[in-house]
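See below for the structure under consideration.
Position 1 is the first residue of the sequence, and the numbers go up from there.
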Amino acid sequence: IKFLSRMDGIEYVKNEELFENKWFKGIPDVLVKDANGKILKIIEIKTSYDLPSFIMSLKKPEKQSHVYEVMGYMDLLGCKKAEVVHCLVYMPHGIVSFEEKRLTERYRNLELDDEVISERLNKTLSNMEYSGIPDELKIFRRSFEYNKVAMKSVKMRVTSSRKWIKDIHD
């Protein structure tokens, strides 16, 4: 959120409020409001684990789970516009260390040579470092508008899924 704020020149604030209705509940990342407090747009931020996954997110259509997530938020909040914003931000040291340890253990279990392990780790860790990439290339957005027909279908599926789960429970 800090990175997006800096890039957009707007001080976004992480939304902490849980919203719910008959069909959905969730906590959208950022709510853009007008001066009267009306929600104009919902921003859902996605961060990539590494450079290859960021590039793949850019090249592929948006994941359906992300689309339905923002559609649900729009339904919850009566908002007609949303964005899924993908950001390439540095991984916290703890995550990088965890990944290094996890891969080392995995490669050792596969009985790979230390040299091969070192090469693979270096490649993976270099994909988590982005100092040579300009900030404007570390972000891309996809805009969505509320789709009444799709949401009617989703709500019907939620209702039938709940009935199915209840029937199984009973």
message: Regarding E99 and R102, does a basic nitrogen lie under 4.0 Å from an acidic carboxylate oxygen?
response: yes
Salt-bridge contact K46-E44 (side-chain N to carboxylate O under 4.0 Å): yes
So, the side chain of [X] versus the backbone of [Y]: is there a donor-acceptor pair under 3.5 Å, distance only?
X	Y	answer
D75	M71	no
S97	G94	no
T159	K155	yes
S5	Y12	yes
D34	N36	yes

Nearest non-hydrogen partners of [X] and [Y], listed with the distance:
X	Y	result
P28	G26	CD-O, 3.6 Å
L76	N21	CD2-N, 3.3 Å
R120	Y107	CB-CE1, 3.6 Å

field: Criterion side chain to side chain contact (heavy atoms under 4.5 Å, CB included) on V89 and K138, from CA distance to verdict
entry: CA-CA 7 Å; V89 295; K138 296 178 186 176; over 6 Å; no
- prompt: Within a radius of less than 6.0 Å around CZ of R162, do more than 12 heavy atoms belonging to other residues, nucleotides or ligands occur?
  reply: yes
Should [X] and [Y] be counted in the same cluster of Ile, Leu, Val, Met, Phe, Trp and Tyr side chains packed under 4.5 Å apart?
X	Y	value
Y146	W23	yes
F140	F144	no
V70	Y68	yes
I55	L58	yes
F3	L88	no

Taking the side chain as every heavy atom from C-beta outward, state whether [X] and [Y] have any pair of such atoms under 4.5 Å apart.
X	Y	answer
K81	L40	no
M7	E136	yes
D50	T124	no
D135	I139	no

Nearest-0.5 Å distance that lies between atom [atom1] in [X] and atom [atom2] in [Y]:
X	Y	atom1	atom2	answer
Y73	I39	OH	CD1	12.5 Å
L31	I42	CG	CD1	6.5 Å
K14	D29	NZ	CG	4.5 Å
Y130	L137	OH	CG	14.0 Å
M151	F24	CE	CZ	3.5 Å
N109	T104	CG	OG1	11.0 Å

message: Taking salt bridge (Lys or Arg N to Asp or Glu O under 4.0 Å) as the cut-off, I'd like each qualifying pair that reaches into residues 139-151, sequence neighbours left out, listed once.
response: D8-R141, E62-R142, E83-R141
query: Under 30°, 30 to 60°, or over 60°: which ring-plane class applies to H66 and H86, parallel, tilted or perpendicular?
result: tilted
